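Shown next, in structure tokens, is the structure this report addresses.
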Amino acid sequence: MTAGIRGIVLASTSRHRRMLMDRLGVPYECAAPRCDESLAEGTPPGEGTAVLAVRKAESVAHLHPGCLIVGSDQMAVMDGRAIGKPGTVERAIDQILGMSGRMHELWTSVAVIPAGGVEGAPRVHTEVHRMWMREVGREEAAAYVAADSPLARAGSYRFESRGSG
């Protein structure tokens with residue numbers, strides 16, 4: 001660990017975010033963020049993901065003084081509008097069918113709060129990836145939702161799982 005940093009804390013309990021951190025090969029711990037994840041109506045995707053990544057990081061920073069804190073958020077966007085977490089099987093199927101054969105964007109922001117809350121913190125980086133979903137019918141969408149259970153995933157798919165096919 002770098003001098004002055006007591007550790008790295010991932011402000012997430014997401015299995016997939018942990019897998020990404022594991023790839024770095026550095027020790028870290030996870031802390032569940034406790035923050036308001038609502039955004040004002042009409043918040044642009046890049047701003048929204050950045051705001052939520054910072055909120056998540058800040059929500060655990062006070063519990064881990066001297067640690068580097070990492071927060072992240074992701075948003076699926078189509079036609080300029082956020083595609084939220086479906087919550088139900090039927091809504092997930094409808095979201096997938098709405099994206100079928102079309103382009104959408106996946107916005108991801110990562111916020112880092114340096115150990116000791118260095119002035120200018122947090123630092124935020126946002127990426128946008130344009131993605132096309134191949135055409136799928138209702139039966140295939142329903143089978144995918146049953147197999148991958150993406151009900152808590154923006155856009156109703158898990159890119160890092162079966163949703164990449």
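The structure displayed is predicted, hence computed values, not measured ones. Index from 1, following the sequence.
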Out of curiosity, Trp132 CH2 to His104 NE2, how far, rounded to the nearest 0.5 Å?
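Between Trp132 CH2 and His104 NE2, I get 10.0 Å after rounding to 0.5 Å.
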To the closest 0.5 Å, what do you measure between CE (Met21) and CD (Glu29)?
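It is 10.5 Å, given to the nearest 0.5 Å.
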Determine the minimum heavy-atom distance between [X] and [Y], stating which atoms define it.
| X | Y | result |
| --- | --- | --- |
| Pro33 | Ala11 | CG-O, 3.4 Å |
| Ala111 | Ala57 | O-CB, 4.4 Å |
| Met133 | Ile96 | SD-O, 3.7 Å |
| Ala92 | Ser156 | CA-OG, 3.2 Å |
| Glu140 | Glu135 | OE1-O, 4.4 Å |
| Glu105 | Trp107 | OE1-NE1, 3.1 Å |

Going only through I, L, V, M, F, W and Y residues with side-chain contacts under 4.5 Å, is there a path from [X] to [Y]?
| X | Y | value |
| --- | --- | --- |
| Ile8 | Leu24 | yes |
| Ile83 | Val128 | no |
| Tyr157 | Leu97 | yes |
| Val51 | Val124 | no |
| Met78 | Tyr144 | yes |

Determine, stepwise, if the pair Lys56 / Glu37 fulfils side chain to side chain contact (heavy atoms under 4.5 Å, CB included).
CA-CA 9 Å; Lys56 291 174 182 181; Glu37 292 193 39; 3.8 Å; yes
Under the 3.5 angstrom rule, does the side chain of [X] hit a backbone N or O of [Y] as a donor-acceptor pair?
| X | Y | answer |
| --- | --- | --- |
| Arg55 | Asp36 | yes |
| Ser72 | Ser109 | yes |
| Ser100 | Val136 | yes |
| Asp148 | Pro150 | no |
| Arg18 | Thr13 | yes |
| Glu58 | Gly71 | no |
| Arg34 | Ser59 | no |

Is the closest side-chain heavy-atom distance between Thr49 and Thr108 below 4.5 Å?
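Contact flag for Thr49/Thr108 side chains = no.
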Using a 4.5 Å cut-off on heavy atoms from C-beta on, say whether the side chain of Gln74 contacts that of Arg153.
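Side chain of Arg153 against side chain of Gln74, heavy atoms only: contact under 4.5 Å found.
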Worked verdict on Val54 versus Asp73 for side chain to side chain contact (heavy atoms under 4.5 Å, CB included):
CA-CA 9 Å; Val54 168; Asp73 194 68; over 6 Å; no
Under the side chain to side chain contact (heavy atoms under 4.5 Å, CB included) test against Pro122, which residue among Ile113, Val112, Ile69 passes?
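So, applying the side chain to side chain contact (heavy atoms under 4.5 Å, CB included) to Pro122 and each of Ile113, Val112, Ile69, only Ile113 qualifies.
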Reference residue Tyr28; test side chain to side chain contact (heavy atoms under 4.5 Å, CB included); the match among Asp22, Val70, Val9:
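That would be Asp22; it is the only one of Asp22, Val70, Val9 passing the side chain to side chain contact (heavy atoms under 4.5 Å, CB included) with Tyr28.
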Apply side chain to side chain contact (heavy atoms under 4.5 Å, CB included) to Leu39 and Met75, showing your working.
CA-CA 12 Å; Leu39 294 169; Met75 184 182 300; 3.9 Å; yes
Is it true that Glu90 and Arg138 have a side-chain N and a carboxylate O under 4.0 angstrom from each other?
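Yes, this pair counts.
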